[in-house]
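Quick notes on the structure that follows.
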Amino acid sequence: MKKLRVILDEREVDGNPFQPDMWRIVRRYPLTNDVNFYQARAVDVDRTLLMDYLPGQFVMGSVSGDGEAPFCISSTPSRPGLLELCIRKMGTLTETVFSLKENQTIGIRGPYGNGFPIDKMEGKDILIIAGGMGAAPLRSLLLYALDNRDKFGKITYLHGARTPGEMLFREEFMQLKERDDLACLLSVDEDDTGAWTEKIGVVTKLFDEMEPIDAANTYAAVCGPPVMYKFVIQRLVGLNIPKHQILMTLERRMKCGIGKCGHCAIEYLYTCMDGPVFTYWDVLHMKELIGKGVSDNVIA
Amino acid sequence: MSSPKVGIYGFTGCAGDQLMILNCEDRLVDIIGAVDIHSFAMAKSDNQNKELDVAFVEGSISTEEQLEHLKDIRSRAKVVVAIGTCACWGGPQAMKLEEGGFEDRYGGVYGDANITVTKAFEAQPVDAFVEVDMKIPGCPIDKTEFLSAVSKVVAGRHPYFYKFPVCTECKWKENPCILNEGKFCAGPLTKAGCGAVCPSHNIPCVGCWGPTDDLNLSGEYKLLVEKGYDTDEIMRKFKKFGGAGIAKLIKSMKDEQRGVSE
Amino acid sequence: MMILKMKKEDLSVFLETAKEWGELWGPTRKGERIAFEKVDGLSQMDLKATRTMIPPKKFLYPQRFTMFDFDDKGYVERTGHAPNRILFGVHPCDIHGIQIMDKLFLEEFKDPYYAERKEKTLLLGHSCIPDDKCMCTETYTEFIAEGFDLFFTDLKMFYLVWVGSSRGHDLVRLKPELFSRDIGKEDILSYNEYRKWKKSQIQAETDFTGMPDIFELGYDSLVWDELAEKCLACGQCTMVCPTCNCYNVVDEVELGTVDGTRDRFWDSCMFREYSLVAGGHNFRDKRVDRLKLWYTHKLQAYIGEFGEPSCVGCGRCVATCPVDINVVTVTEALREQEVGR
Amino acid sequence: MKTLEVVPLTRVEGDGGITVTLDGKKVQSVTLDVHEGPRLIEQLVRGMKPEDDLNVVPRICAICTLSHKYAAIRGLEKALRIDPPEKAQLMRDLMMLGESVESNSLHTFMLALPDFLGYPSAIAMLGDYGDDVKRALKLKKFGNHVMEVTSGRIVHGENPGLGGFGRYPSGTQLKEIAASAKELLPDAMRAVELFSTVKYPEYPEVETVFMSVNAPDGKYGLAGDSILISNGEEVDAEDYKKLTSERVVTHSFAKRSAFNDKSFAVGANARMINMGKRLDGQAADLFKENYSDRWLRNPLLNNLAQAIEMVWALEHLPETAEKVAALDDPARADATRETGSGTGAVEAPRGILYHHYEIKDGLIEVADIITPTAQNLDDIEVHMKACAEKMLAEGKSDEELLPALEMTARAYDPCISCATHLVKLKRI
Ligand SMILES: Cc1cc2nc3c(=O)[nH]c(=O)nc-3n(C[C@H](O)[C@H](O)[C@H](O)COP(=O)(O)OP(=O)(O)OC[C@H]3O[C@@H](n4cnc5c(N)ncnc54)[C@H](O)[C@@H]3O)c2cc1C
Ligand code: SF4
Ligand code: SF4
Ligand code: SF4
């Protein structure tokens, strides 16, 4: 048997860090018409248990013949045993993954990236803002916080999607609304079903619905399409949340996930190693991102 | 799984790409084993016109008859792959696309004889007439690149093609840059995939793979003017193989220049 | 450090003996083409050639190679095929370049492909004859104190040989009689003379130290746009740069099977595809964005992180770029706020 | 009246069709049409620099790419008065030998043999004649290899140029070529064995005139400055128009040639008929054993001629490669004038290829390219007509007629795509 890896902090890897392990898809169902949800377990059982990760980290998923691509982990480390991924059909590899059935295998290596700074977030209020696919990594954070409910202050979850049909984990989040230990606000840009009972409007509208926050004591985590960042960040800065407490996950092209291939470099940082979670304060120092929709208007 | 049904067709060109398929000597048997070749006019007699999984189309389209045949192929095939620079861009016979003068050139060859087989027109790439799912350029196609693409196409996957210019492969081969000797080289404009054969033989790239994904035509144009090239000659060299692709780029470069001078 | 003396004429014998360890590679010249190639012996090398087109990074990290073979059961790494190689005639700047690559590939998440080739390559450095494109004094890479197995400094009548590693010492021990420790005053003087000579040879004048600030200040400078208008996006600069490491990965499948290979090949941040993501969004769609990345990475970000540029002053971009975009012209343009001719 | 159509004519490179119109027991007409679109290459290269022309014209045909390259080089070098160095000349011989082996092995074993043995394709022959198919592949691969080494790649190599080559092959490569050629000789002998034992039907037999180049120094060869005619005449290549007098026919995009208003043939059989006596080695013996005056009538024997030529090529490859290896790499020879005209005549595997250029101030004013297939088309029609008539007279069925006609056309090794041609229209 291949030697097992111990990951996380030391980032020490025995053997070949590019070596994917085979994971079996135990469950698969569609979340929307172009996003599938996958639960996977390592073919080598011990490997599953050793997959210790932080919310916000990602894995490199492999399909032989199509290569590799990064995917955020949607499950929470507080519920070990299964790895959960949401995958949107976008191109070469994701199209093949999309067509994979239960019981088929997929290559996985990781986890990689820094993840959310859970140690710093503990004891604080948490404000999560998810747009579209952004729900994939943020679900991990949300579920982790809920599983460790006593370690966190107030939890607010804002989630926007274009239509009800495109909202990831819609049922799951609707159920969360029943809970009284968090505020869960959902909205869609447009209700094409006529049956939507929640808010209608862009995600920033939800800020108006939310209870006042204790800004200095709040960590905000944002993930969504590039256009969303600009508006959400404006609101967060407007709320006076310290810039180093605004967390955002960035997306970049990646070929290795471990700081070798160079593609995800942004100035001196590698999205894969130093990110994908960055604070807004980090981003403000990245000239390349300024003026590209992420942080213009708010520099001053 | 039944093997995919494949057809290989040739239109206006030199038949070099079909020949390259035949030239896959050691791999030919693998190809025949992996796919069910329904039609390959250049190589066999018992050809059928049925539904196809993949149609490989070589050559540019330059007569009414070809156009009809092409449309028929498209209607029968799930995936249409243009192979070779003629099919992808038009090839050398399309070097004067957008310039007009086809009738004069035609008359220059055939006089006023009324050729009855079919009506001819200026050669154009396949995608000028029907939807093309994939392009494998090259004059002729490169064996390795072709086999790599075919292996994926028949498995229903997306092939990967180098998107960078010939210069990259040229540097992999460690050739001194011909542009730096003050001579023309189409390397920066041309899609890689050939292994930079020409520069590796101390010969400038002539652009036979057609334009690459991202190029700076006006940059190279200015550079060549600086090096003392005649502007007509530069244009002729640019247009040698890239047909419709390069014509489009030249048009936008000229628009740009006009915009600047206004 | 152990420094030994060797007679000029003994080099060829020494290299012949060293071949016991592995293939001998050295700089060769064919017309204008200068490249590290496999050679039979000293006579096939051109030790006067200033720079090879491609730096020795190609040995540690070839232009294209296979990482894994795969089938339906999984991925099997393809290592263990690299031959033992002796790389002779590597110049100080290139050894500095390798050290920068080492930092990237060997520290966090050790890259086994690089590591294996590094392990199987003996680096035998050699002093060089700078030309007008070299700028190693500006990057402090004109001499080298470590990172080689042996280093030969040509002092006209003899060689001084630095022994940089235990394996280098093993090579010396193959023919100890060729080396002596007998170094006198004359030798020291001529070494010092050599150092002065080398520094005096560098003509390029660039000041990289102030670059992080200049880059920061000039990030939106129109000079960049002017440069980008000239850049042919040919990628030559990245291919020839000893500290450019970017790569791409692609799977190849065997016709009609599920077997195949996962291959890795050199990529460049000067290409549009480099930052393109699925769905068509490109984080660096314009050439100017890509050009900025290249230069800010080498001369700003890297200095910010490690206190020195990741340019080793080899002059390859100066010699190669057809439109004269290189560390010298770019830094000058930014300082002077004007693109030179 | 009924029409038999054989469209497309398979296993010839390109897009062509034969239409045979029958009127009862009479053949009303036989037309070989080239449906492939015209490319007007000669018009496109006008105004180009000679070196740019050299990139374009080989693309007329992938099979004869090097013949086109070489014919163009010869024409352009004459026009510009370029005197190529000896090594370049030898390299050109070498590349032509490579092309000859490649093309002849493909045609004899893979394209023609199935006709003679009654298989639909070479693939179908794999079971019964696996060894011969393998032989063909081996020979073809070797031919391709020689083309690759000399020209830069298998098809459309750019290495051969005006006044010399971009890069010369290494001694090791040349040594390997010499060794492989020697090794493959028995495989070429097998082709001769096969084609000297198959049956050649008499149907298409009609007496014809044959033309080939006159290789220099009284040797058998693939290029020359004058043309030999089987009637004993010899004509300067510059007078190629007299030999080919081209005309347009309305049923085809390929122009036609005629000599003294009659059809003529070019190809390996023409070369053997005109230069066979100059052969040496085993090729000479094979020629003597197999030659008869039937060659002057029956186009099918072209296949046998190709097989013998393959033996000749393999016998000459080693010494040519060795001679190339013995010389130092020369610099390219330069043009000594900017205005002039010249005609290059080269033997493509399927016959004489002419490239005529008129250059003014360094730019091409006139390019005239006459391909071997264009020259053969009339002859193909004549022999096919004879074949059809005789078979009909014997009461043969259409099913028997069709393959016989295809076989006849195919014997000319026609390269339809390159028949897309040229020359000014001659009005009477
Ligand atoms: C940190 C991170 C987390 C991600 N998490 C998820 C997730 O949870 N679910 C999900 O559906 N998608 C996620 N993505 C996006 C996902 O990686 C891309 O959709 C995927 O790479 C597309 O690959 P493809 O082969 O289908 O597309 P193609 O366009 O064919 O891409 C070819 C290759 O380019 C690279 N590439 C293309 N787009 C991206 C991209 N956006 N990011 C990185 N590399 C890219 C990959 O190496 C990919 O294999 C994430 C991206 C990053 C950077
Ligand atoms: S020689 Fe041509 S292909 Fe090679 S780098 Fe220079 S421009 Fe590019
Ligand atoms: S280098 Fe250029 S001309 Fe030569 S083969 Fe490649 S693409 Fe064609
Ligand atoms: S900077 Fe020069 S070498 Fe680099 S991509 Fe641009 S033109 Fe090519």
Side-chain angles (χ1 to χ4, degrees), chain A residues 2 10-22 43-44 62-69 88-95 104-105 107 109 112 225-226 250-269 271-273 285-292, chain C residues 67-77 79 104-105 107-114 215-216 219-220 244-254 258-262 264 267-269 273-284 289 292-293 296-297 300-306:
Chain A
K2 226 180 72 229
E10 297 110 73
R11 285 193 176 155
E12 264 304 325
V13 177
D14 286 339
N16 191 329
F18 301 102
Q19 174 82 49
D21 293 308
M22 300 312 280
V43 171
D44 171 354
S62 267
V63 176
S64 46
D66 289 316
E68 290 187 305
R88 169 181 264 162
K89 191 155 89 177
M90 291 293 279
T92 313
L93 174 122
T94 46
E95 264 173 36
Q104 286 187 288
T105 52
R109 58 189 176 87
Y112 300 127
L250 296 187
E251 195 180 316
R252 278 295 181 276
R253 189 185 178 86
M254 279 177 199
K255 282 290 165 188
C256 69
I258 51 175
K260 306 274 181 266
C261 80
H263 287 87
C264 71
I266 307 173
E267 298 183 16
Y268 57 96
L269 296 173
T271 311
C272 64
M273 302 270 283
H285 288 84
M286 295 184 207
K287 271 253 169 340
E288 212 191 343
L289 296 178
I290 297 172
K292 293 217 170 208
Chain C
M67 301 171 77
F68 292 99
D69 294 285
F70 56 73
D71 56 20
D72 51 351
K73 283 176 212 70
Y75 302 80
V76 181
E77 84 172 20
T79 47
L104 185 94
F105 284 116
E107 287 181 4
E108 232 170 339
F109 287 115
K110 183 152 108 183
D111 177 347
Y113 306 99
Y114 183 96
F215 271 90
E216 183 70 20
Y219 194 83
D220 293 318
C244 273
N245 63 283
C246 293
Y247 66 78
N248 205 340
V249 180
V250 148
D251 282 8
E252 296 289 349
V253 290
E254 271 294 311
V258 292
D259 305 348
T261 58
R262 176 159 293 170
R264 175 160 145 182
D267 200 355
S268 164
C269 59
E273 190 200 7
Y274 184 81
S275 300
L276 181 71
V277 294
H281 184 72
N282 197 325
F283 291 96
R284 298 180 188 102
D289 299 331
K292 275 185 201 177
L293 177 74
T296 47
H297 183 86
Q300 178 187 21
Y302 205 87
I303 298 179
E305 184 100 327
F306 299 105

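Below, chain A is the first sequence line, B the second, and so on; all start at residue 1. Computed from a predicted structure; not experimentally measured.
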Can you say whether A:Val63 sits under 4.5 Å from chain C via the side chain, the backbone, both, or neither, judging by heavy atoms? backbone

Locate the shortest heavy-atom distance separating A:Gly259 from C:Leu104; write the atom from each residue and the value. O-CD1, 3.8 Å

Can you tell me which of A:Gly91, A:Gly262, A:Gly65 forms the most heavy-atom pairs within a distance under 4.5 Å of chain C? A:Gly65

Would you mind checking which part of C:Tyr113 comes under 4.5 Å of any heavy atom in chain A, side chain (CB onward), backbone (N, CA, C, O), both or neither? side chain

Under the side-chain contact (heavy atoms from CB on, under 4.5 Å) criterion, do C:Tyr114 and A:Lys260 qualify, and how do the steps go? CA-CA 11 Å; C:Tyr114 183 96; A:Lys260 306 274 181 266; over 6 Å; no

To the nearest 0.5 Å, atom CD of C:Glu216 lies from atom NE2 of A:His285 at 8.5 Å

Given a strict heavy-atom distance threshold of 4.5 Å, which part of C:Leu293 is in contact with chain A: side chain, backbone, both, or neither? side chain

May I ask you to check if A:Arg253 and C:Phe283 form a cation-pi contact, with NZ or CZ under 6.0 angstrom from the six-membered ring centre and within 45° of the axis? no

Can you tell which of C:Leu276, C:Asp259, C:Asp220 has the highest number of heavy-atom pairs within less than 4.5 Å of chain A? C:Leu276

Chain A: which of C:Thr296, C:Val277, C:Asp111, C:Val250 shares the most heavy-atom pairs with it under 4.5 Å? C:Asp111

Contacting region of A:Ser62 [heavy-atom separation from chain C under 4.5 Å]: both

Any idea which heavy atoms bring A:Asp66 and C:Asp251 closest together, and the distance? N-OD2, 3.4 Å

Which answer fits C:Asp267, side chain, backbone, both or neither, if we ask what part of it has an atom under 4.5 Å from a heavy atom of chain A? side chain

Quick one: what part of C:Lys73 sits under 4.5 Å from any heavy atom of chain A, side chain, backbone, both or neither? backbone

A side-chain contact here means heavy atoms from C-beta on lying under 4.5 Å apart; do A:Pro20 and C:Arg262 qualify? yes

Could you have a look at C:Tyr302, C:Tyr274, C:Phe68 and say which one has the most heavy-atom pairs with chain A under 4.5 angstrom? C:Tyr274

Partner chain A: residue of C:Glu254, C:Lys110, C:Glu77, C:His297 with the largest heavy-atom pair count (under 4.5 Å): C:Glu77

Region of C:Glu273 that comes under 4.5 Å of a non-hydrogen atom in chain A: both

So which part of C:Val249 gets closer than 4.5 Å to some heavy atom of chain A, the side chain, the backbone, both or neither? both

Distance to the ring centre below 6.0 angstrom and angle to the axis at most 45 degrees; does that hold for A:Arg109 and C:Tyr75? no

Give the intermediate values and the outcome of side-chain contact (heavy atoms from CB on, under 4.5 Å) for residues A:Cys256 and C:Tyr247. CA-CA 9 Å; A:Cys256 69; C:Tyr247 66 78; 3.3 Å; yes

Closer than 3.5 angstrom, by distance alone: can the side chain of C:Asn248 be matched with the main-chain N or O of A:Lys255 as a donor-acceptor pair? no

CG-CE distance between C:Asp72 and A:Met22, expressed to the nearest 0.5 angstrom: 8.5 Å

